[in-house]
Amino acid sequence: MTPLRAGILAAIVLSAIATLVADQASKLWLLNGFDLARKGVVKVMPFFDLVLAWNIGISFGWLQNDSQSAQIALMAVKVVAVVALAIWMARSHTLLATVALGLIIGGAIGNGIDRFAYGAVVDFALFHIEIAGNTYNWYVFNLADVAIVVGVAALLYDSFLGVPAAKAP
């Protein structure tokens, strides 16, 4: 294994583990240490609140279904996605794409742990804005979701604007 490839593999592991640890630590602290469930909505800034939401569906609360078979199906899809991303990551040739895939995998595993442990994903961050007396809320999300979005954005950047692959002679 070349030193460059070893560095890329280290970036994979580091980005995935850092994402997973930060996600799970924030959720455990908010659930057990801070006791967000008992506190309800906690205003942090005029545009940001902490609020506990249990997402039994997929992204943005789509496909809400708390049946055991639906939860097993969602876990199976998540496992297939993580395996596919890991294969893509193993073939990746840029550090940015590798780290991005690590973020996505770490986030997916973090949300998968929630689904396995609680039967739903723990979401807690809520951005909102008030315009003319009407409050507009974004979806409630967590750090795993942030890592997934940042990872996808980095992959898009790498695909369209990143360093072009070297051409073979």
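Just so you know, these numbers come straight off a predicted model, no measurement behind them. The first residue of the sequence shown is numbered 1, and numbering continues consecutively from there.
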If I compare all heavy atoms of [X] with all of [Y], which pair ends up nearest, and what's the gap?
X	Y	result
F34	V42	CE2-CG2, 3.8 Å
N111	A144	OD1-CB, 3.4 Å
R115	I56	NH1-O, 3.4 Å
V140	F124	CG1-N, 3.5 Å
G151	A100	O-CB, 3.3 Å

Please examine the side chains of [Y] and [X], heavy atoms only from C-beta on, and report whether any two atoms are closer than 4.5 Å.
X	Y	result
L31	Y118	yes
I131	Y136	yes
L20	I113	yes
L30	D35	no
V122	N142	no
L155	I104	yes
D145	D123	yes

**Request:** Inspect the surroundings of CZ in F116 and state if more than 12 heavy atoms from other residues, nucleotides or ligands are less than 6.0 Å away.
**Result:**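 No - once you tally the heavy atoms of other residues, nucleotides and ligands closer than 6.0 Å, there are 12 at most.
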**Criterion side chain to side chain contact (heavy atoms under 4.5 Å, CB included) on W54 and D114, from CA distance to verdict** = CA-CA 10 Å; W54 297 97; D114 290 4; over 6 Å; no
**Prompt:** Which of parallel (below 30°), tilted (30 to 60°) and perpendicular (above 60°) describes F127 and F48?
**Reply:**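 F127 and F48: tilted rings.
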**Prompt:** Which pairs with one or both residues in residues 11-24 pass salt bridge (Lys or Arg N to Asp or Glu O under 4.0 Å), sequence neighbours excluded?
**Reply:**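 Found D23-K27.
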**Item:** V149: partners by side-chain contact (heavy atoms from CB on, under 4.5 Å), with sequence neighbours left out
**Value:**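 For V149 there are no side-chain contact (heavy atoms from CB on, under 4.5 Å) partners, ignoring immediate neighbours.
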Review item, side-chain donor-acceptor pairs of residues 11-19, under 3.5 Å, at least two apart:
unit_1 : atom_1 : unit_2 : atom_2 : d
S15    : OG     : A11    : O      : 2.9
S15    : OG     : I12    : O      : 3.1
S15    : OG     : V99    : O      : 3.4
T19    : OG1    : S15    : O      : 2.8

